[in-house]
Amino acid sequence: MRIYNSLTGKKELFYPIHNDYVGIYVCGPTVYNHLHLGNCRTFILFDVVFRYFQHLGYKVRYVRNITDVGHLENNNGQSEDDKINKRSKIEGLEPMEIVQKYTISFHNILNTLNLLPPNIEPTATGHIIEQIDMVKDLINKKLAYEVNGSVYFNVRKYNKNYSYGILSRNNFHQLINKNLNFLEDKYYYQDFSIWKKVNPNHIMGWNSPWGKGIPGWHTECTVMSTKYLGKNFDIHGGGIDLKFPHHECEIAQAKSFYTTEKNSSNNLANYWMHTNMLTLDGKKMSKSKGNFIELRNLFLIRKKNDCFPNIIRFFVLQSHYRSILNFSEKSLLDAEKGFKKIFLSLNIINDACQNRFTKKNNNETSSSFDTSKWIHSCYQAINDDFNTPLLISLLFKVSNIVTDANEIEKISDIFLLKKYINHFFFEILGFKKEDNQTNVSKEKLKKLEILVNRLIQFRKEEREKKNWFISDKIRKELYNIGISLHDKSINK
RNA sequence: GGCACUGUGGCCGAAUGGAAAGGCAGAGGUCUGCAAAACCUUUUAUAGCGGUUCGAUUCCGCUCAGUGCCUCCA
């Protein structure tokens, strides 16, 4: 299996640190707002990564954090505000109420999209002590300094022994942006906060050797990833917009904290994976720029369409995770058609297997379709840096063959095909088999089903009488509530 | 200004130093009371200019266009 490693800019063969085990850390959300479609792209991709490693038989530990404190926002160099604290003022809720509200929303959305939960989902507030320990250590190593109750990482000093910018390929000296002011407390523009002083009456704040404060965002990820995966682990993932500064700073802290020898090759994770941006009208989907689509709104609009979460997943996986993906209504419609086409052919295969089981297949001529070769191609696709679009195109190939009734009869190893296409579609790509999210009781559903069947039967009778007005009206009404009827010739 | 990435038909989107996947849309057809669906057939593409090469869409250089990051971001 090959993975594109952002550290080297190349596709590399994947070797886990420990045989049979894979450790993955993905930067989760800061829970101060509802998720938008762009956020989900990353989580959907890593859901596939997680599923695929498990499919291959690895024991995977997948860690995805929740940032519930410490994500600072720079206010034009005047001050730094915690995002959640800021939001709590806007909504008139306690910070932890904000955290609770948006954590629940986050879980609901990912659950609807059929994402597997990570093995560990640590929160920043649950790891304050560890973060304080790391800050202390960095001060002892003279790689961080305290000013007015806040602590900053000394990037210039770090850069003398290590190289700051190895991940983002930034040159330390060229990082200065003259247009931007920076906090006066900092020695250098490039330095970043690892501990931030807060007002003593502030509800979100912890006692530390430097007074009451909150930990910095970058520190949190270094602490939690290494706590649960070790000081060197396999895969670290996140959106490409986190590459700099967030991931660069994570590496800087980890190297400072864990390495004893200079020029150690430990870059926190061996493979860094970055998902590209989802755009709207060619521009990055982003909250601060105001162009974004919230998933909960999409779900509300498409309530009638019960396979909508699958369509979102299909839309996302139909492009490669390292390319920019543009969102449009049309692309969703395309995805819907594509998804349904493959879904339909899965049913055909399953039916065909049923028939084979009852009737013995005596067909002598064999199909030109080579199932073993096809399976091999599918693995090749996903093994090549998770090339899901290529894998999906292979599913379409089967779909085209299977819809030909003569051709499907000839496929000798149909049971093998059934097994693997189900593996790829449900187990690896993670599509949901059926949406049984209704709260309606089974009793009620049964009654409804009888009613609809009666109506269809009634329409059939009217059709046979050539009473087109009635039958067309029923067809239209049923279509409006999401039941579409496809008529065949009445002569047959 | 610095760093990085991208450019494939009408649209989306793979692959590749040696006849350019797949999907959507379009066109034609089968079917049909009509509609829809389904199925079959089918047109159209490597941004531009150079270089390396027997051969470049692929590698290299330049130009043009777009995107991301440069301390809020998945």
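All values reported here derive from a predicted model rather than from experimental measurement. Chain letters run A, B, ... following the sequence lines, proteins first, then strands; residues in each count from 1.
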(request) Sugar-phosphate means primed atoms, P, OP1 and OP2; the rest is base. With that split, encode nucleotides 9-14 of chain B 5' to 3' as B, S or - using protein heavy atoms under 4.0 Å. (result) ----SS

(request) Tell me whether the OP1 or OP2 atom of B/A25 has a side-chain N or O from A/K337 closer than 4.0 Å. (result) yes

(request) Can you sort out the partners of A/D384 under salt bridge (charged side-chain N to carboxylate O under 4.0 Å, His left out), two or more places apart, ordered by chain and number? (result) A/R2, A/K11

(request) Taking atom P in both B/G29 and B/A65, compute the distance separating them and give it to the nearest angstrom. (result) 45 Å

(message) I need the CG-C1' distance between A/N291 and B/A74, as an integer number of Å.
(response) 14 Å

(message) Would the distance check show the side chain of A/N383 and the main-chain N or O of A/Y379 forming a donor-acceptor pair, the cut-off being under 3.5 Å?
(response) yes

(message) So, using side chain to side chain donor-acceptor pair (under 3.5 Å) as the criterion, who are the partners of A/R87 when residues are at least two apart?
(response) A/E91

(message) Restricting to ring-ring contact (aromatic ring centres under 6.0 Å, His included), what partner residues turn up for A/Y102, sequence neighbours left out?
(response) A/H34

(request) Give the dot-bracket string for RNA chain B, reading 5' to 3', where a pair is Watson-Crick or G-U wobble with both distances under 3.5 Å, ( ) marks pairs inside the strand, [ ] marks pairs crossing earlier ones, | marks a partner on another strand, and . marks unpaired. (result) (((((((..(((.....[...))).(((((.......)))))....(((((..]....))))))))))))....

(request) Report the residues that fulfil salt bridge (charged side-chain N to carboxylate O under 4.0 Å, His left out) with A/D234, sequence neighbours left out, ordered by chain and then residue number. (result) none

Return all side-chain donor-acceptor pairs below 3.5 angstrom for residues 39-46 of chain A, not counting sequence neighbours, or 'none' if the list is empty.
unit_1: A/N39; atom_1: OD1; unit_2: A/H36; atom_2: N; d: 2.8
unit_1: A/R41; atom_1: NH1; unit_2: A/N276; atom_2: O; d: 3.1
unit_1: A/R41; atom_1: NH1; unit_2: A/M277; atom_2: O; d: 3.1
unit_1: A/R41; atom_1: NH1; unit_2: A/S323; atom_2: O; d: 2.9
unit_1: A/R41; atom_1: NH2; unit_2: A/S319; atom_2: OG; d: 3.1
unit_1: A/R41; atom_1: NH2; unit_2: A/H320; atom_2: O; d: 2.9
unit_1: A/R41; atom_1: NH2; unit_2: A/S323; atom_2: O; d: 2.8
unit_1: A/T42; atom_1: OG1; unit_2: A/T275; atom_2: OG1; d: 2.7

(request) Give me the residues of residues 339-346 of chain A where at least one heavy atom lies under 4.0 Å from an atom of RNA chain B, by number, or none. (result) A/K341

(request) Only counting residues at least two apart or in another chain, list the ones meeting salt bridge (charged side-chain N to carboxylate O under 4.0 Å, His left out) with A/K157. (result) none

(message) For A/E336, give me all partners under side chain to side chain donor-acceptor pair (under 3.5 Å), at least two apart in sequence or on another chain.
(response) A/N305, A/K340

(request) Could I get the full list of ring-ring contact (aromatic ring centres under 6.0 Å, His included) partners for A/F315, not counting sequence neighbours? (result) A/F327

(request) Figure out the NZ/P separation between A/K289 and B/A74, and round it to whole Å. (result) 13 Å

(message) Checking A/K330 now: which residues fulfil salt bridge (charged side-chain N to carboxylate O under 4.0 Å, His left out) with it, not counting sequence neighbours?
(response) A/D334

(request) Could you tell me whether the phosphate oxygens of B/A4, OP1 or OP2, come under 4.0 Å of any side-chain nitrogen or oxygen in A/K243? (result) no

